[in-house]
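Just below is one structure, and these are the notes that go with it.
Counting starts at 1 for both ligands and their atoms, in listed order. All values below come from the heavy atoms of this structure, side chains included, with hydrogens, waters and symmetry mates left out.
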Amino acid sequence: MRKNIVAGNWKMNNDLAETQELLSKLKLQMVKEPEATVMVAPSFTNLYPTFQALKDTPVIVAAQNMHESEKGAYTGEVSASMLKSIGINTVIIGHSERRAYFNETNDILAKKVQTAIDNEMKVIFCFGEELDDRRSNKHFDLVETQLKESLFQLPQSAWSKIILAYEPVWAIGTGETASPEQAQEMHKHVRDLLNKNVGKEVAENTSILYGGSVKPNNAKEIFAKEDVDGGLIGGASLNAVDFVAIVNSF
Ligand code: PGA
């Protein structure tokens, strides 16, 4: 059975004091047993304090990125084992901002995913088209290439560790969302691709999240679609009331 998941991507927002404030608000708002698996992804410097603050709650703390190498001379980078050593077992890989601003190609992302799997970590793998791709009707093919080049080489057994997040780039931080129908159409396409390339069981059991301007007023409609299993939330996850309202949208 695939899970409903709502994950907050805090991106490069909030220093330590602001993170602690958000965490206390979150703890106040959140019901003890939410309908969805809840995750939050703070910046590297706030990972450990967030992990400590949430360890008596069901909320899972994820990293926003990690390096593909196990260790070595990569100044400024963070490895899987460093994350694991502070209790972090989940990592976002392939966010469109990493692809666009840090030149992360499908090939590099394949390596990052492999390293995460080798370290028994869970991966939230992001993919999605830009506006031009959609306008020229290339969005289905583009998504297929992203998944093929970064994920379809994985053995079946690795798929229990993979959560997918479809994030059309034109909907991220823009206030413009894909319509629930557009989200469903792409999620169905992705599930069909999984069925064809990996197998029926994986297709049925992999959670596919939607990301891109999800807010309390549109979450319910989007999450109600058959192949949408939750959301990856940027802006609205920085506000505890909004984020919890989205978590409660199932
Ligand atoms: P947004 O970001 O909710 O602010 O559009 C989503 C994301 O980047 O994951």
Side-chain angles (χ1 to χ4, degrees), residues 4-14 18-19 22 26 29 36-44 46-47 50 59-66 88 90-104 109 112-113 116 122-131 133-134 139 142-143 146-147 150 162-180 182-184 186-187 190 207-223 225 228-250:
N4 290 330
I5 300 168
V6 176
N9 175 10
W10 294 349
K11 307 191 180 181
M12 197 175 74
N13 293 296
N14 292 344
E18 289 161 340
T19 298
L22 177 56
L26 208 55
Q29 297 292 328
T37 300
V38 182
M39 302 183 178
V40 294
S43 64
F44 284 131
N46 290 316
L47 272 174
T50 301
V59 181
I60 293 166
V61 183
Q64 297 174 15
N65 178 35
M66 58 164 236
I88 307 300
T90 306
V91 60
I92 299 174
I93 289 180
H95 191 279
S96 63
E97 288 148 18
R98 301 290 320 167
R99 293 174 187 261
Y101 309 139
F102 302 96
N103 305 319
E104 294 193 357
L109 297 174
K112 289 193 180 211
V113 171
K122 278 208 154 140
V123 173
I124 302 175
F125 183 83
C126 305
F127 58 94
E129 82 283 359
E130 307 217 13
L131 191 54
D133 305 315
R134 183 165 278 268
H139 48 301
L142 184 113
V143 160
Q146 288 175 324
L147 298 177
S150 298
I162 306 282
I163 298 158
L164 297 178
Y166 168 57
E167 299 206 301
V169 180
W170 48 272
I172 294 178
T174 58
E176 194 174 335
T177 39
S179 67
Q182 285 172 320
Q184 168 57 26
M186 182 59 87
H187 284 225
V190 170
S207 296
I208 310 176
L209 316 184
Y210 168 79
S213 299
V214 178
K215 308 285 176 211
N217 64 6
N218 60 24
K220 224 186 180 89
E221 231 192 323
I222 298 172
F223 295 172
K225 290 293 177 191
V228 179
D229 305 307
L232 181 55
I233 321 298
S237 70
L238 296 169
N239 178 305
V241 173
D242 286 354
F243 184 61
V244 172
I246 294 171
V247 169
N248 293 337
S249 295
F250 285 99

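Taking the six-membered ring for Trp and thresholds of 30 and 60 degrees, H187 and Y210 have ring planes inclined between 30 and 60 degrees apart.
Taking a cut-off of under 4.0 Å to the non-hydrogen atoms of S213, the atoms of ligand 1 that pass are 1 (P), 3 (O), 5 (O). Contact atoms of ligand 1 toward G212: 5 (O) (distance under 4.0 Å to a heavy atom of the residue). Here is the list of ligand 1 atoms found below 4.0 Å of a heavy atom in A171: 5 (O).
Taking any N or O of E167, backbone or side chain, at least one lies under 3.5 Å from an N or O belonging to ligand 1. Checking only distances, H95 does come within under 3.5 Å of ligand 1, N or O to N or O.
By the 6.0 Å contact criterion, CD on Q184 is enclosed, its count of non-hydrogen atoms from other residues, nucleotides or ligands being greater than 12. Around atom CD of Q182, more than 12 heavy atoms belonging to other residues, nucleotides or ligands sit under 6.0 Å away.
Looking at M12 and Q64, their side chains never come closer than 4.5 Å, going by heavy atoms from C-beta outward. Using a 4.5 Å heavy-atom threshold, the side chains of V40 and L26 count as touching. Side-chain contact check for I60 versus K122: every heavy-atom pair is 4.5 Å or farther apart. For the pair V113/F125, a side-chain contact is recorded, criterion being any heavy-atom separation below 4.5 Å from C-beta on.
The nearest heavy-atom contact from the protein to atom 4 (O) of ligand 1 is G235 N, 2.8 Å.
Under a 4.0 Å heavy-atom criterion, A165 is not in contact with ligand 1. For K11, the closest heavy-atom approach to ligand 1 falls below 4.0 Å.
Between atom 5 (O) of ligand 1 and the options P168, G234, A236, G173, the minimum heavy-atom separation is to G173.
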